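Model, not experiment: these values are computed from the prediction. Chain A is the first sequence line, chain B the second, and so forth, proteins listed ahead of strands; every chain is numbered from 1.
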There are 2 protein chains.
Amino acid sequence: MSALKSSIIETFGFSESEFNSIQDFFVPIEIKKGDHFLKQGQYVRHLGFVENGILREFLYTNGKEVTKWFSSSGYFAVDLSGFLFGQKSKVNYQALSDVSLLALSKDNYDKIADKVQRWNILEKMFLTKCFSVLENRVISHLSMNAEERYNQLFDINPELFNQVPLNYLASMLGMTPETLSRIRNKRS
Amino acid sequence: MSALKSSIIETFGFSESEFNSIQDFFVPIEIKKGDHFLKQGQYVRHLGFVENGILREFLYTNGKEVTKWFSSSGYFAVDLSGFLFGQKSKVNYQALSDVSLLALSKDNYDKIADKVQRWNILEKMFLTKCFSVLENRVISHLSMNAEERYNQLFDINPELFNQVPLNYLASMLGMTPETLSRIRNKRS
DNA sequence: TCGATTTTTTGATATTTGTCAAGCCAATAA
DNA sequence: TTATTGGCTTGACAAATATCAAAAAATCGA
């Protein structure tokens, strides 16, 4: 079983046979470095699963560019609420390297319920997990300083630090690139 | 129609008749000022809708007490992921004043699907909205300073500022009470 | 490979925010 | 009523973080 397939199974909680029944819903897409998978203001027509490479999720707000997340291998890439509500995206997804991903269209997403009996339960669990991740992120900002947030991310996901430009990482952590650089310096 | 009933209808997107069919699932509870509706570590057995008074959601983490949210009239009170997954609560809900609320037990929550045809859709929309609120909160911390976060909250929910102790509000905004006090001072 | 561009670091300095201590005010209980 | 408590503010100072400018390092394209 491919790593990507097992990460989709994991993300949604499918059994292998459940996944096999909707396998064809996932369409491979290649994105060149620098190109966008999704742009702020466009309708969110696909949910992507990254197989190789990294996408950066970012948006413009309050006159700033803010990096919100990185989708690397095994992660999904989508403006979730835009996708589910059929609305326009609030964010951009841009490829930081050549990226290959599997795309699930909104139309096919809505057909999963016909193929997978438990889909209502699985979808609910999926959404709840997404909610929980954000909850923890809010709590991090309420209870930790820049260095603690850096350490937390580094402990959980050290690979990220040699895969993406540090100025984007700084933005995602809510600090300037200079501050991140100094924290790194301190640790080494 | 009572304000509380219409806020439940609004929260979940029920029609009035859909709500009527599950009306009995909601059980009134009174909580005395200072008492807890939910404690960190307890199983989350109920989802509460506040009718009167205010509850404070808070938790202990990294050696600090962090206020995460206030549930005032019309809002719900629950550790959502704990409730949906049948897990223990990560947070406390304490009454800042005498509170009356309607409680929906997990058992009854799971029975809504039998009574309301569209429940799967409505529940999904409800979860997506919750997700979206947290998304915006994360973005606030990535793109705004203390004063901007204060102003944003004040513009959206000014009543909060004369209903809850400001030191708790400061914590929810991710700043110290002194900083909040000085920002307030500046504005007046 | 070289030059150009981007990313990262470093230093100096400014600003924001936190900490600590004290005082004030208002609500509340004895 | 007074005394007490909790909540809020204020001031002085310290620490964290941002800003700006420049240099160094890494990356990329021709």
Mind checking the [atom1]-[atom2] spacing from [X] to [Y]? Nearest 0.5 Å is all I need.
X	Y	atom1	atom2	result
Y150(A)	R184(A)	OH	CZ	5.5 Å
F131(B)	L127(B)	CZ	CG	11.0 Å
F26(B)	D24(B)	CZ	CG	10.5 Å

Ignoring backbone atoms, establish whether [X] has a side-chain N or O less than 4.0 Å from OP1 or OP2 of [N].
X	N	value
R184(B)	dC8(D)	no
S181(B)	dT9(D)	yes
T176(A)	dT17(D)	no

Within this structure, what is the [atom1]-to-[atom2] distance between [X] and [N], rounded to whole angstrom?
X	N	atom1	atom2	value
F161(B)	dG7(D)	CZ	C1'	16 Å
L169(A)	dT7(C)	CG	P	13 Å
M175(B)	dT9(D)	CE	P	13 Å
L96(A)	dC28(D)	CG	P	11 Å
N162(A)	dT7(C)	CG	P	16 Å
L173(B)	dT17(C)	CG	P	12 Å
K64(A)	dA18(D)	NZ	P	10 Å

* Nearest of dT19(C), dT8(C), dA18(D) to any side-chain atom of P165(A)? ->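 Comparing dT19(C), dT8(C), dA18(D) against the side chain of P165(A), the answer is dT8(C).
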
* Please list residues of residues 144-158 of chain A whose heavy atoms come under 4.0 Å from any atom in DNA chain C, ordered by number; otherwise none. =>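 Under 4.0 Å from DNA chain C: no residue of residues 144-158 of chain A.
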
* Summary of salt bridge (charged side-chain N to carboxylate O under 4.0 Å, His left out) pairs that have at least one residue in residues 39-61 of chain A, sequence neighbours excluded ->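 Salt bridge (charged side-chain N to carboxylate O under 4.0 Å, His left out) check on residues 39-61 of chain A returns R56(A)-E65(A), E57(A)-K68(A).
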
* Looking at K111(B) and D107(B), does any basic side-chain N land under 4.0 Å from a carboxylate oxygen? ->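 Answer for the salt bridge query: no.
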
* Asked: Quick one: does E123(B)'s side chain have a donor or acceptor within less than 3.5 Å of a partner on N120(B)'s backbone?
  ->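 No: the side chain of E123(B) does not pair with the backbone of N120(B).
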
* Check: Y109(B) side chain, L104(B) main-chain N or O, donor-acceptor pair, under 3.5 Å ->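 Such a contact is absent between Y109(B) side chain and L104(B) backbone.
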
* Residue closer to the 5' end of DNA chain C, N167(A) versus I183(B) (nearest nucleotide) ->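 Mapping each residue to its closest nucleotide by heavy atoms, the 5'-most match is N167(A).
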
* Summarise how protein sits on nucleotides 20-30 of chain C as a single string, 5' to 3': B when a protein heavy atom is under 4.0 Å from the base, S for sugar-phosphate-only contact, - for no contact. => B----------

* Determine the minimum heavy-atom distance between T11(B) and G74(B), stating which atoms define it. =>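 Smallest interatomic distance, heavy atoms only, reads OG1-O, 4.3 Å.
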
* Asked: Do K115(B) and N20(B) meet the criterion of a side-chain donor-acceptor pair at a distance under 3.5 Å?
  ->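 Result is no, nothing qualifies.
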
